[in-house]
Amino acid sequence: MKNKALEAVLGDGFTFMKRRLGDRTLPYQHWGCECGDEWFELINSLCGELESAYKQRSLTPDIRVLQVKQKFGRLRFYYTFEGEKDGLVIDFLGSGTLRIGSADDGISEDIKNLRSEIKSIVSKYEEKSATVCELCGEDGSLCRLQKNYYKTLCERCCNELAKKS
Ligand SMILES: [Zn+2]
């Protein structure tokens with residue numbers, strides 16, 4: 001995001017969004033949220049729901065945020081868990097993110113449920129991002145600005161940006 005103060009709010013609000021200075025190992029640590037400022041509310045609510053999923057179970061969040069970005073006009077929120085390999089994440093145009101994590105061996109039912117809840121929270125917000133303009137926060141939809149360059153925008157922002165590009 002352009003507005004670093006907004007990113008700081010995320011880092012102060014959620015332990016798993018806290019960026020460690022000088023850590024360049026993960027895209028999120030390096031770049032923060034690679035999307036427009038207007039998705040702040042969306043990401044903030046997403047993180048809030050993740051946190052309550054842990055709180056309900058009296059667990060400390062063990063989610064590791066790998067990358068938060070805009071791709072094909074949609075929010076992508078890539079994550080893994082502490083102690084897990086970073087795994088593979090595959091993106092498809094127009095659908096959510098497919099995570100190929102480690103096997104569920106040795107994970108309790110409780111954690112399995114938690115992880116599937118996390119997965120649906122993340123997909124819910126990834127879906128939602130396709131309906132929120134990245135520039136002004138109004139209702140938006142996928143807008144093609146140039147070849148292979150998409151953003152989720154409202155009609156007004158789409159027209160304005162199309163004029164500029
Ligand atoms: Zn707009």
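In each ligand, atom 1 is the first atom listed, and ligand 1 is the first ligand listed. Numbers for residues simply follow the sequence, beginning at 1. As the structure is a computational prediction, the values presented were derived from the model and not from experiment.
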Quiz prompt | ring-ring contact (aromatic ring centres under 6.0 Å, His included) involving Phe16 - partner list, sequence neighbours excluded | solution = Phe14
Practice problem: Identify whether the distance between the nearest side-chain nitrogen and carboxylate oxygen of Arg74 and Glu126 falls below 4.0 Å. | Solution: no
Exercise. Please check if atom CD in Glu160 has more than 12 non-hydrogen atoms from other residues, nucleotides or ligands closer than 6.0 Å.
Key: yes
Quiz item: What heavy-atom pair brings Met17 and Val65 nearest, and what distance separates the two atoms?
Solution: SD-CG2, 3.8 Å
Quiz item: Is it true that Lys112 and Glu109 make a salt bridge, defined as a side-chain N closer than 4.0 Å to a carboxylate O?
Solution: yes
Quiz item: Cation-pi between Arg64 and Tyr79: NZ/CZ under 6.0 Å from ring centre and within 45° of the ring axis?
Solution: no
Quiz item: Closer than 2.8 Å to the Zn ion (ligand 1), which protein N, O or S atoms?
Solution: Cys133 SG, Cys136 SG, Cys154 SG, Cys157 SG
